[in-house]
Amino acid sequence: METIIEKSLEEAFEEKIANEVRIEPKDWMPEQYRKTLVRQISQHAHSEIVGMLPEGNWITRAPSLKRKAILLSKVQDEAGHGLYLYSAAETLGTSRDQMIADLHSGKAKYSSIFNYPTLSWADIGAIGWLVDGAAIMNQVPLIRTSYGPYARAMVRVCKEESFHQRQGFEIMMTLCNGAPAQKKMAQEAFNRWWWPTLMMFGPKDEESPNTEQSMRWKIKRFTNDELRQRFVDMMVPQAEFLGLTVPDKDLKWNEAKNGYDFGDVDWEEFWNVVKGNGPCNKDRISTRVKAHEEGAWVREAALAHAQKRAQREAEKQGS
Amino acid sequence: MSQQKEWPLWEVFIRSKQGLDHKHVGSLHAADAEMAIQNARDVYTRRMEGVSIWVVESRNVHASNPDEAAAFFDPANDKVYRHPTFYEVPAEIKNM
């Protein structure tokens, strides 16, 4: 009896997926679908939160008040994006505390891109232009992802993300139109961020174990390699406009496929950073843990204050 | 560790401009209602998306059961006569 009910529930779920009907929090869903989503959404949220660190580094050193205000605003947006996504993951039954504990223990991953250092102001430009550009490429299809709360969070994120990319491009443009030393700074930052940005799309399709199932469930709409190709095709003309050289000797226009051929990502480096051995992995997590621990008394005090006030209110009503 | 440590969850509703309904936009954690409203301002209205905010603690929201949606909403299924298009109006009749 139970298996018959289970089967009809699964059929109803599959039918919704096939008909592009969004899945909502209280709907029945296969356990593996739930798990995949919790993993992907929390990983996405963690990336937004950890992503604040490399840029936050430069807030006090921004070259003008205007740039400082813009960067502050961008970093604040990233915090907001993290919150939208944590909330979306919580609708699947996981708790905020659990997700944060998993990030801090290293059990949960975040985008490896944030394990690279921001050495000069040009890195802030390169991050906005390249990293946020790649994030948009990844996120726009997620607006149509099959889980409702995730899709709705992505609508908000994508609306805000395009300012991030444009401000980064503007920083790069200013540097590229500046003195030779500034142009050199821009090129060096571009060299540093190009390959790690291509890694953001994840492993090659044949080495991405989750892709096939995620595509069937319409969590993902395009494969890693498809998105990576689109990104290269979009960015090369922009780099040319800036007068920057793409650090890839194999980059070549391919008329037949109407896209660029490009060199292979250093996958050894990719897996190495994923495993925790990138230039900043330890630093990022220890900064996060420190902020969380040092803020604990604020969270506890706020809760104690709220409880005390509620209690006083109840006593007043009672008397 | 046994006492509650996580701030409660709140649902956030925003009126984007005067004359429109408050609409659900998402949720957040806060210690109390006042903090929930302030956090909602910072999280959901950074680009002037709202002129008014409601917050409701999530545990106070009661919902219909999606597993019973078919039966629950069934009474409306066979009542097409509730829609104006059900009725035939002669072409000569204007303004109806």
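Letters go in sequence order (proteins before strands), and every chain restarts at 1. Note that this is a predicted model, so its numbers are computed, not measured.
- The CG atom of L303(A) sits 12.0 Å away from the NE2 atom of H29(B) when rounded to the nearest 0.5 Å.
- In terms of non-hydrogen atom pairs under 4.5 Å with chain B, the most contact-rich of D77(A), L83(A), T91(A) is D77(A).
- By number of non-hydrogen pairs under 4.5 angstrom with chain B, the leading residue of R299(A), H305(A), E24(A) is R299(A).
- When all heavy atoms of R46(B) and G80(A) are compared, the closest pair comes out as NH1-CA, 4.0 Å.
- The shortest heavy-atom contact between E49(B) and R156(A) is OE2-NH2, 4.4 Å.
- Counting all heavy atoms, side chain and backbone alike, A31(B) lies closest to A302(A) at CB-O, 3.5 Å.
- Remark: K107(A) NZ is loosely packed, at most 12 non-hydrogen atoms of other residues, nucleotides or ligands lying under 6.0 Å away.
- By number of non-hydrogen pairs under 4.5 angstrom with chain B, the leading residue of Q76(A), E90(A), E160(A) is E160(A).
- Other residues, nucleotides and ligands place no more than 12 heavy atoms under 6.0 Å from the CG atom of D21(B).
- Electrostatic pairing of R309(A) and E34(B) counts as a salt bridge here, judged by a charged N lying under 4.0 Å from a carboxylate O.
- Residue R166(A) places its CZ atom among 12 or fewer non-hydrogen atoms of other residues, nucleotides or ligands, all under 6.0 Å distant.
- With Y84(A) contributing its side chain and Y44(B) its backbone, the two residues share no donor-acceptor pair below 3.5 Å.
- Under a 3.5 Å cut-off, the side chain of S27(B) and the backbone N or O of S87(A) do not form any donor-acceptor pair.
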